[in-house]
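See structure below.
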Amino acid sequence: RASLVLAVAPKVKSELEKMGVKQRIEILPNPIDTIMFRNDEKLRMLGRKRFGLNKDNKVILGVGQVQSRKGIKDFIKIAQQLPELTFIWVGNQPFGALTTQSDELQQLLKSPPKNFILAGGVPYLRMPEAYNAADIFFLPSYQENASMAIIEAASCGLPLVLRDLAEYRLLYKEGYLVGRNNDEFKKHIQNLFSNKNLFAQQSKESLKLVQKFSYEALGNKLLSYYQNL
């Protein structure tokens, strides 16, 4: 019935088309507040204090619901393999006992490595502190549509390490390091910390990526959709 259907990501558009939607479909991702989510030394200090970190800790951050689909098992396993680094996962279980978990994940959460922090939920307005407290954003999720956490992290200048998903290839195209398994994720993380030039380049790639999701870019795009109807 609509004159225009807005899809949050290319994958969503293709699914709508498979469902039989014949009307015009345009892609309009969720925008990011690049003023709120920014690289900021004061926010870094506040975030590190919140998580009980010192200035020398090398920190990898993951953000998402605590469930197997998000790849938190792989996140914890890599933390076990890299004990010299600190791994923090921000997110809770919104459906409590109904949240999908495997027995393996439950066991990992009962006896996590000492360098892993399950931070639970963080208020939205405090999330810039969480991102700034970290050095790398790592999300080994197995399925996503248009994760806001990835764009928020990119807006804070964090290098991105993500699983090789069709959704990302379609929506982002580039700007992140791609891993297909834990060995590749681990190698990317180690390389980022050992190679300052690579780290700086990937930080720039993140800031370049987020420009596509600014209020200015997407606001003008949305306005043009309305004007053309």
Side-chain angles (χ1 to χ4, degrees), residues 8-12 27-44 46-48 51 58-65 70-72 74-75 78 85-91 119 122 124-179 184-185 188-189 191-193 195-221:
V8 75
K11 185 75 170 177
V12 177
I27 298 166
L28 188 79
N30 290 319
I32 181 73
D33 184 345
T34 55
I35 296 176
M36 176 180 175
F37 292 95
R38 66 189 187 280
N39 183 280
D40 186 284
E41 190 60 33
K42 183 178 179 180
L43 291 174
R44 183 175 177 83
L46 289 171
R48 294 225 155 190
F51 295 126
K58 295 180 178 179
V59 180
I60 296 90
L61 179 71
V63 175
Q65 295 176 6
K70 289 291 184 176
I72 187 172
D74 298 310
F75 191 89
I78 293 175
L85 307 178
T86 300
F87 288 73
I88 301 175
W89 188 276
V90 170
V122 171
Y124 179 68
L125 293 178
R126 304 293 296 273
M127 281 303 296
E129 297 175 13
Y131 290 116
N132 274 278
D135 299 296
I136 295 170
F137 183 78
F138 170 38
L139 185 65
S141 183
Y142 285 87
Q143 186 276 321
E144 293 289 339
N145 282 326
S147 169
M148 290 304 295
I150 292 173
I151 301 304
E152 290 165 358
S155 190
C156 293
L158 295 183
L160 307 174
V161 179
L162 308 175
R163 192 177 296 280
D164 185 15
L165 298 182
E167 292 92 330
Y168 299 155
R169 292 195 297 272
L170 291 168
L171 183 60
Y172 307 137
K173 295 182 174 61
E174 56 188 5
Y176 59 98
L177 294 174
V178 179
E184 292 185 4
F185 293 141
H188 284 317
I189 291 169
N191 286 343
L192 282 167
F193 282 125
N195 187 331
K196 291 183 179 180
N197 290 334
L198 174 64
F199 189 98
Q201 179 59 38
Q202 289 306 128
S203 181
K204 288 180 182 178
E205 288 293 323
S206 291
L207 294 173
K208 181 180 176 182
L209 171 65
V210 84
Q211 291 175 7
K212 303 175 186 176
F213 299 88
S214 69
Y215 281 144
E216 292 78 13
L218 294 176
N220 289 330
K221 192 174 184 181

Work out which heavy atom in [X] is nearest to a heavy atom in [Y]; give both atom names and the distance.
X    : Y    : answer
R169 : Y176 : N-OH, 3.6 Å
F199 : I136 : CE1-CG1, 4.1 Å
A133 : G47  : CB-C, 3.6 Å
V12  : V8   : CG2-CG1, 3.7 Å
P128 : N132 : O-ND2, 2.8 Å
F185 : P140 : CE1-CB, 3.9 Å

May I have the step-by-step check of side chain to side chain contact (heavy atoms under 4.5 Å, CB included) for T86 and I60, ending in yes or no?
-> CA-CA 6 Å; T86 300; I60 296 90; over 6 Å; no
Is there a side-chain contact between [X] and [Y] (heavy atoms, below 4.5 Å)?
X    : Y    : result
Y131 : V63  : yes
E216 : Q211 : no
V178 : L162 : no
F213 : P29  : yes
E174 : L209 : no
F37  : M127 : yes
V59  : F87  : no

Given the rule in the side chain to side chain contact (heavy atoms under 4.5 Å, CB included) test, do Y124 and M36 qualify, once you have shown the distances and angles that lead to the verdict?
-> CA-CA 11 Å; Y124 179 68; M36 176 180 175; 3.6 Å; yes
Backbone of [Y] reached by a side-chain donor or acceptor of [X] within 3.5 Å:
X    : Y    : answer
K11  : L171 : no
W89  : G64  : yes
S203 : L158 : no
N39  : G157 : no

D135 with R48: basic N within carboxylate O range, under 4.0 Å = yes
Carboxylate-amine/guanidinium proximity below 4.0 Å for K42 and D40 = no
Tell me yes or no: between the side chains of E144 and S141, is some donor less than 3.5 Å from an acceptor?
-> yes
Between Y215 and N220, is any side-chain donor less than 3.5 angstrom from a side-chain acceptor?
->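 Judged by distance alone, the side chains do not pair up.
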Supply the atom-to-atom distance [X] [atom1] to [Y] [atom2], rounded to the nearest 0.5 angstrom.
X    : Y    : atom1 : atom2 : result
L198 : Q201 : CG    : CD    : 8.0 Å
E152 : R38  : CD    : CZ    : 13.5 Å
L177 : D164 : CG    : CG    : 12.0 Å
N197 : Q202 : CG    : CD    : 12.0 Å
K212 : I32  : NZ    : CD1   : 15.0 Å
S147 : K70  : OG    : NZ    : 5.5 Å

Residues forming a ring pair (Phe, Tyr, Trp, His ring centres under 6.0 Å) with F137, sequence neighbours excluded |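 Per chain and number, F137 pairs via ring pair (Phe, Tyr, Trp, His ring centres under 6.0 Å) with no residue.
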Check against side chain to side chain contact (heavy atoms under 4.5 Å, CB included), I88 and V90 = CA-CA 6 Å; I88 301 175; V90 170; 4.3 Å; yes
Not counting sequence neighbours, which residues clear side chain to side chain contact (heavy atoms under 4.5 Å, CB included) with S206? List them please.
->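 Result, side chain to side chain contact (heavy atoms under 4.5 Å, CB included) vs S206: A154, L160.
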Does the gap between the ring centers of F75 and Y142 come in under 6.0 Å?
-> no
With a cut-off of under 6.0 Å to the ring centre and 45° to the axis, is R163 in cation-pi contact with Y168?
->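 No.
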Worked verdict on L139 versus I150 for side chain to side chain contact (heavy atoms under 4.5 Å, CB included) | CA-CA 8 Å; L139 185 65; I150 292 173; 4.0 Å; yes
